Undergrad: 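Handing you this structure, nothing more for now.
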Amino acid sequence: MPNPPVQVVWFKRDLRTHDHSPLVKACAAGEVLPLYVIEPGLWGEPDSAQRHWDFIAESLDELSDDLMSLGLPLCVVEGDISNVLSRVIACLGPITLYSHQETGNAWTFARDRRVSAWCRKHRVSWHQCRQQGVVRGLGQRRGWVGQWEALVEAPLASPSPASPPAGWKGLPCLPREQWRWRALGVGREACPGRQSGGRRAGLATWRSFLAGRGERFHRDIGSPERARNASSRLSPHLAWGTLSLREVVKELRLARSERRGEAEWGRALAALESRLHWHCHFIQKLESQPDLEHQTMHPALKGLREHPHPGRLAAWCEGRTGVPLVDAGMVALRETGWLNFRMRAMLVSFATFGLGLPWREPALHLARLFVDYEPGIHYPQVQMQAGLTGTNALRVYNPLKQADERDPQGRFVMRWLPALAGLPEAWRQRPWALPTAERAELGFVPGRDYPLPVHDFEAESRRWKRIIHDARQTPEARRDSDVLLDRLSSRRGTRPRRLVPPPSPQLSLFSEPDQETS
Ligand SMILES: Cc1cc2nc3c(=O)[nH]c(=O)nc-3n(C[C@H](O)[C@H](O)[C@H](O)COP(=O)(O)OP(=O)(O)OC[C@H]3O[C@@H](n4cnc5c(N)ncnc54)[C@H](O)[C@@H]3O)c2cc1C
């Protein structure tokens with residue numbers, strides 16, 4: 001009689017054992033091999049960075065311990081996933097493959113197609129489960145909200161103890177010390193203030209939010225300084241899957257019912273729940289239109305802003321544009337790997353409108369700096385803030401106005417740009433305008449002690465706003481906007497659909513045999 005297959009659980013952006021449907025199913029089915037593959041192709045992509053790996057490695061460390069308590073080893077292997085799976089079969093015999101669905105970048109999409117073909121060729125069943133409220137192969141958004149609700153309302157899944165296959169030690173699993181401190185990726189800037197990886201750090205962050213620091217969430221998330229403490233800080237844990245979206249939403253709803261009658265908490269928790277919807281709403285956009293990673297979203301806006309301006313790009317990337325709130329944001333991001341939403345939006349808005357840069361290089365630079373880099377949120381957000389969706393109101397952030405509203409005393413700017421700390425409050429956000437008398441008295445020379453603005457960013461912004469506004473007004477552009485709205489928006493309304501969008505390119509992944517969703 002042939003051996004029963006070994007259940008291989010392939011961990012990707014789901015570095016936990018709790019509420020992990022593929023692991024639960026595998027443990028119920030037989031002997032289990034938990035597998036994490038360090039894929040050189042993925043780490044050679046321009047959006048990868050050492051800080052991502054450092055967060056992942058800390059998370060794998062804990063995952064390994066948590067699996068051990070179920071009786072299972074974590075096998076970390078380096079190589080191409082199809083080769084690794086072939087090696088597993090050679091060593092252990094037939095397998096069944098389990099994983100979560102992934103909406104990653106174009107590289108992971110292509111890799112999943114290769115894995116799918118490999119599975120067909122080797123007659124391996126590949127069971128893929130949903131972990132986000134993202135629906136694979138969705139052509140348009142009607143009913144999407146109901147599907148999100150069904151996912152988060154489903155019970156949490158706990159794996160039972162299981163045994164590994166007897167021969168697993170014959171696999172080329174790397175010892176912990178070899179992967180734990182590995183140097184990988186292209187973005188190597190040190191990140192001393194990075195959030196720690198691992199489920200325990202994720203739970204501690206989440207519990208501290210619920211226990212107190214979240215009460216002012218809705219009031220403080222717009223402040224670059226206060227948002228660090230007031231917002232949930234769940235993003236890297238959701239992006240790398242040390243926490244599951246479902247467990248967070250369930251605990252959030254419980255907290256909402258326990259705090260009924262506490263008005264501030266009610267507003268704060270409702271605001272957070274909306275954002276957990278947006279999380280999946282944005283990832284669904286990339287799932288439905290994967291070329292958003294490389295292509296400008298709206299056809300009428302393609303090819304408009306193409307001049308690379310290498311000097312301006314370098315100044316923006318290095319935090320020396322001469323505009324303090326922009327530069328402080330970039331330095332804070334480099335040092336900590338995190339910024340609040342508004343600062344992220346402003347950095348993109350400044351790069352694309354204020355400096356007239358094409359969106360792609362700034363998007364990659366930010367992807368490498370965000371510890372929580374999540375392609376499905378990142379690229380649609382970048383396109384939106386660059387004014388390229390054609391469907392949203394054109395919103396351009398002026399960093400001087402933002403500074404007056406969000407950092408009026410210049411605390412954030414002083415913290416990240418110490419060169420400006422000695423200036424009186426009125427000039428911290430506009431050091432170029434420091435009067436001559438004060439320059440002598442303070443010994444501060446604009447252009448020497450802090451860069452002068454590289455460019456007339458206000459005039460450049462107005463120019464791009466006009467160009468993009470005009471390009472959106474043609475009948476063809478409006479027609480294209482309707483198609484995009486139908487495909488990518490999750491409005492609940494009954495607006496009649498005017499055009500049928502083309503089928504989703506991801507549909508091919510969904511419709512391959514041996515794939516299931518749950
Ligand atoms: C240009 C740009 C790029 C971005 N890139 C990323 C990215 O790569 N990864 C990422 O997780 N977020 C990204 N965001 C969204 C948002 O800024 C971050 O999720 C948020 O700042 C993370 O901090 P937090 O966990 O404390 O968020 P909270 O405000 O506490 O929100 C909780 C969770 O909700 C989700 N969320 C919050 N705001 C948004 C939003 N506007 N759109 C979609 N989901 C949201 C995130 O998963 C977040 O962790 C981007 C925003 C912009 C403008």
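Bear in mind the structure is a predicted one, so any value in this text is a computation, not a measurement.
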Undergrad: Just jot down the salt bridge (charged side-chain N to carboxylate O under 4.0 Å, His left out) partners of Glu247, sequence neighbours excluded, or say none.
TA: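 Per chain and number, Glu247 pairs via salt bridge (charged side-chain N to carboxylate O under 4.0 Å, His left out) with Arg199.
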Undergrad: Do Arg479 and Glu476 sit within salt-bridge range, that is, some charged N less than 4.0 Å from a carboxylate O?
TA: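 Not counted as a salt bridge, because no side-chain N and carboxylate O are separated by less than 4.0 Å.
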Undergrad: Could you check whether any side-chain N or O of Asp47 sits under 3.5 Å from a backbone N or O of Ala367, counting only pairs where one atom can act as donor and the other as acceptor?
TA: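 Such a contact is absent between Asp47 side chain and Ala367 backbone.
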Undergrad: Out of curiosity, Asp112 CG to Ser99 OG, how far, rounded to the nearest 0.5 Å?
TA: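 Atom-to-atom, Asp112:CG and Ser99:OG are 7.0 Å apart.
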Undergrad: Establish, from distance only, whether the side-chain atoms of Thr296 and Trp359 form a donor-acceptor pair under 3.5 Å.
TA: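 Looking only at side-chain atoms, Trp359 and Thr296 do form a donor-acceptor pair, the distance falling under 3.5 Å.
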Undergrad: Using a distance-only test with no angle check, is there a side-chain donor-acceptor pair under 3.5 angstrom linking Arg16 and Gln131?
TA: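 There is such a pair between these side chains.
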Undergrad: Does a side-chain heavy-atom distance below 4.5 Å link Arg312 with Glu460?
TA: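 Yes - at least one pair of side-chain heavy atoms lies under 4.5 Å apart.
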Undergrad: Do you know which two heavy atoms are closest between Trp427 and Ala433, and how far apart they sit?
TA: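 That would be CZ3-O, 3.6 Å.
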Undergrad: When you compare the side chains of Ser223 and Arg342, does any donor N or O come within less than 3.5 Å of an acceptor on the partner?
TA: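 Not at all, the side chains of Ser223 and Arg342 share no donor-acceptor pair under 3.5 Å.
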Undergrad: Answer yes or no: is there a donor N or O on one side and an acceptor on the other, between the side chain of Arg305 and the main chain of Thr352, under 3.5 Å?
TA: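 At least one qualifying donor-acceptor pair exists.
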Undergrad: Any donor-acceptor pair under 3.5 Å linking the side-chain atoms of Gln195 with those of Trp338?
TA: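 Gln195 and Trp338 do not have a side-chain donor-acceptor pair below 3.5 Å.
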Undergrad: Are the side chains of Phe444 and Tyr450 in contact, using a 4.5 Å heavy-atom criterion?
TA: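 Tyr450 vs Phe444: side chains touch.
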Undergrad: I'd like to know if Arg253 and Glu149 make a salt bridge, using a cut-off of under 4.0 Å between side-chain N and carboxylate O.
TA: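 Glu149 and Arg253: salt-bridged.
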Undergrad: Can you tell me if Arg439 uses its side chain to pair, donor with acceptor, with the backbone of Leu434 under 3.5 Å?
TA: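 Confirmed, Arg439 side chain pairs with Leu434 backbone.
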Undergrad: Does Trp316 have its ring centroid less than 6.0 Å away from the ring centroid of His365?
TA: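 Between His365 and Trp316, which both carry aromatic rings, the centre distance is below 6.0 Å.
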Undergrad: Should Leu357 and His307 be marked as a side chain to side chain contact (heavy atoms under 4.5 Å, CB included) after you check the CA-CA gap, both sets of side-chain angles, and the distance that decides it?
TA: CA-CA 7 Å; Leu357 296 171; His307 195 295; over 6 Å; no
Undergrad: When you measure from the side chain of Glu293 to the backbone N and O of Ala106, does any donor-acceptor pair fall under 3.5 Å?
TA: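 Looks like yes, one N/O pair under 3.5 Å.
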Undergrad: Do the side chains of Glu189 and Arg368 get close enough for a salt bridge, i.e. N-O under 4.0 angstrom?
TA: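 No salt bridge links Glu189 with Arg368.
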Undergrad: Side chains of Gln381 and Arg344: do they bring a donor and an acceptor to under 3.5 Å?
TA: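 Not at all, the side chains of Gln381 and Arg344 share no donor-acceptor pair under 3.5 Å.
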Undergrad: Indicate yes or no for a side-chain donor-acceptor contact from Ser231 to the backbone of Ala227 under 3.5 Å, with no hydrogens or angles considered.
TA: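 Yes, the answer is positive, given that a donor and an acceptor are paired below the 3.5 Å cut-off.
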Undergrad: List the atom of Leu388, the atom of Ile468, and the distance in Å for their closest heavy-atom pair.
TA: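 Reported closest heavy-atom pair: CD2-CD1, 4.5 Å.
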Undergrad: Distance alone, cut at 3.5 Å: any donor-acceptor contact between the side chains of Trp416 and Glu335?
TA: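 Not at all, the side chains of Trp416 and Glu335 share no donor-acceptor pair under 3.5 Å.
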Undergrad: Run through Gln50, His52, Arg51 and flag the one making a side-chain hydrogen bond (donor to acceptor under 3.5 Å, both in side chains) with Asp54.
TA: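 Only match with Asp54 under side-chain hydrogen bond (donor to acceptor under 3.5 Å, both in side chains): Gln50.
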Undergrad: Distance-only, no hydrogens or angles: does the Asp327 side chain make a donor-acceptor pair with backbone N or O of Val331 under 3.5 Å?
TA: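 No: the side chain of Asp327 does not pair with the backbone of Val331.
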Undergrad: Do Asp404 and Gln429 pair up side chain to side chain, a donor and an acceptor below 3.5 Å, judged on atom types alone?
TA: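 Per modelled atom types, Asp404 and Gln429 side chains form no pair under 3.5 Å.
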Undergrad: Compare every heavy atom of Pro324 with every heavy atom of Leu417, then report the nearest pair and how far apart it is.
TA: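 Scanning both residues completely, I find the closest heavy atoms to be CD1-O, 3.5 Å.
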Undergrad: Stepwise, does the salt bridge (charged side-chain N to carboxylate O under 4.0 Å, His left out) test hold for Arg216 with Glu264?
TA: CA-CA 7 Å; Arg216 291 186 56 82; Glu264 282 296 283; 5.0 Å; no
Undergrad: To the closest 0.5 Å, what do you measure between CG (Leu339) and CZ (Arg228)?
TA: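 Leu339 CG to Arg228 CZ: 6.0 Å, rounded to 0.5 Å.
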Undergrad: Pairing donors with acceptors under 3.5 angstrom, does anything connect the side chains of Ser481 and His298?
TA: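 Indeed, the side chains of Ser481 and His298 share at least one donor-acceptor pair under 3.5 Å.
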Undergrad: Looking at Arg415 and Glu225, is any side-chain nitrogen of the basic one under 4.0 Å from a carboxylate oxygen of the acidic one?
TA: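 Between Arg415 and Glu225 there is a salt bridge, with a charged N closer than 4.0 Å to a carboxylate O.
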Undergrad: Are the charged groups of Glu153 and Arg246 less than 4.0 angstrom apart, N to O?
TA: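 A salt bridge is absent here (no side-chain N lies under 4.0 Å from a carboxylate O).
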Undergrad: Is any side-chain heavy atom of Leu369 less than 4.5 Å from a side-chain heavy atom of Met330?
TA: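 Counting from C-beta outward, Leu369 and Met330 do come under 4.5 Å.
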Undergrad: Report yes or no: do Glu287 and Thr103 form a side-chain donor-acceptor pair below 3.5 Å?
TA: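 The criterion, which ignores hydrogens and geometry beyond distance, is satisfied for Thr103 and Glu287.
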Undergrad: Do His237 and Phe55 make the cut of ring centroids closer than 6.0 angstrom?
TA: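 Centroid separation for His237 and Phe55: below 6.0 Å.
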Undergrad: Ignoring hydrogens and geometry, is there a side-chain-to-backbone donor-acceptor pair from Trp144 to Gly133 under 3.5 Å?
TA: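 Pair found, side chain donor or acceptor close to backbone of Gly133.
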Undergrad: Are more than 12 heavy atoms from other residues, nucleotides or ligands located less than 6.0 Å from atom CZ of Arg259?
TA: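 Correct, the count exceeds 12.
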Undergrad: Counting C-beta onward and ignoring hydrogens, is there a side-chain heavy-atom pair between Phe282 and His378 closer than 4.5 Å?
TA: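 Not touching, per the 4.5 Å side-chain cut-off.
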Undergrad: Is the shortest side-chain N to carboxylate O distance from Lys465 to Asp470 below 4.0 Å?
TA: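 Judged by the 4.0 Å cut-off on N to carboxylate O distance, Lys465 and Asp470 do not form a salt bridge.
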Undergrad: Taking all non-hydrogen atoms of both residues, which atom of Ala363 and which atom of Tyr379 are closest, and how far apart?
TA: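 Here Ala363 and Tyr379 meet closest at CB-CE2, 4.1 Å.
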Undergrad: Any non-hydrogen side-chain atom of Asn398 less than 4.5 Å from a side-chain atom of Glu458?
TA: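 Answer yes - side chains close enough.
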Undergrad: Is it true that Arg213 and Ser208 share a donor-acceptor pair across their side chains at a distance under 3.5 Å?
TA: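 Looking only at side-chain atoms, Arg213 and Ser208 do form a donor-acceptor pair, the distance falling under 3.5 Å.
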Undergrad: Looking at Trp107, I'd like to know if the NZ or CZ of Arg114 sits under 6.0 Å from its six-membered ring centre while staying within 45 degrees of the ring's axis.
TA: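 Positive - Arg114 is close enough to the ring of Trp107 and near enough to its axis.
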Undergrad: Around atom NZ of Lys401, are there more than 12 heavy atoms from other residues, nucleotides or ligands closer than 6.0 Å?
TA: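 12 or below, so no.
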Undergrad: Does Val152 reach the side chain of Lys250, with side-chain heavy atoms less than 4.5 Å apart?
TA: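 Answer no - side chains too far apart.
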Undergrad: What closest approach, in Å, do Gly443 and Asp449 show between heavy atoms, and which atom pair accounts for it?
TA: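 Closest approach of Gly443 to Asp449: O-OD2, 3.5 Å.
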Undergrad: Could you tell me whether the side chain of Arg406 reaches within less than 4.5 Å of the side chain of Pro224, counting heavy atoms only?
TA: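 In contact.
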Undergrad: Indicate yes or no for a side-chain donor-acceptor contact from Arg13 to the backbone of Trp240 under 3.5 Å, with no hydrogens or angles considered.
TA: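 Side chain of Arg13 to backbone of Trp240, a donor-acceptor pair under 3.5 Å: no, none is there.
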Undergrad: Is any side-chain heavy atom of Leu245 closer than 4.5 Å to one of Leu276?
TA: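 SC-SC contact between Leu276 and Leu245 confirmed.
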Undergrad: Does the salt bridge (charged side-chain N to carboxylate O under 4.0 Å, His left out) test come out yes or no for Arg200 and Glu58, once each step is laid out?
TA: CA-CA 10 Å; Arg200 280 158 202 71; Glu58 286 165 5; over 6 Å; no
Undergrad: With ring centroids as reference points, do Phe217 and Phe209 lie under 6.0 angstrom apart?
TA: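 Judged by ring-centre distance (under 6.0 Å), Phe217 and Phe209 do meet the cut-off.
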Undergrad: Between the side chains of Glu102 and Lys12, is the shortest nitrogen-to-carboxylate-oxygen separation below 4.0 Å, so that they form an ion pair?
TA: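 Salt bridge: yes.
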Undergrad: So, Thr242 side chain and Leu238 main chain: donor-acceptor pair closer than 3.5 Å or not?
TA: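 Judged by distance alone, no pair lies under 3.5 Å.
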Undergrad: Can you list everything that forms a side-chain hydrogen bond (donor to acceptor under 3.5 Å, both in side chains) with Trp53? Sequence neighbours excluded, please.
TA: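 Partners of Trp53 by the side-chain hydrogen bond (donor to acceptor under 3.5 Å, both in side chains) criterion come out as none, since no residue qualifies.
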Undergrad: Looking only at heavy atoms, what is the nearest atom pair of Gly329 and Phe412, with distance?
TA: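 Distance-wise, the nearest heavy atoms are N-CE2, 3.8 Å.
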Undergrad: Using the salt bridge (charged side-chain N to carboxylate O under 4.0 Å, His left out) criterion, which residues pair with Arg320? Sequence neighbours excluded.
TA: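 Once residues adjacent in sequence are excluded, the partners of Arg320 under the salt bridge (charged side-chain N to carboxylate O under 4.0 Å, His left out) criterion are Glu318.
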Undergrad: Would you find a donor on one side and an acceptor on the other, under 3.5 Å apart, between the side chain of Gln383 and the backbone of Met297?
TA: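 Yes: the side chain of Gln383 pairs with the backbone of Met297.
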Undergrad: Any chance you could lay out the side-chain hydrogen bond (donor to acceptor under 3.5 Å, both in side chains) test for Asn105 and Glu45, step after step, and finish with the verdict?
TA: CA-CA 10 Å; Asn105 59 11; Glu45 286 294 291; 4.7 Å; no
Undergrad: Is the Phe457-Phe350 ring centre distance short of 6.0 angstrom?
TA: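 Ring centroids of Phe457 and Phe350 are less than 6.0 Å from each other.
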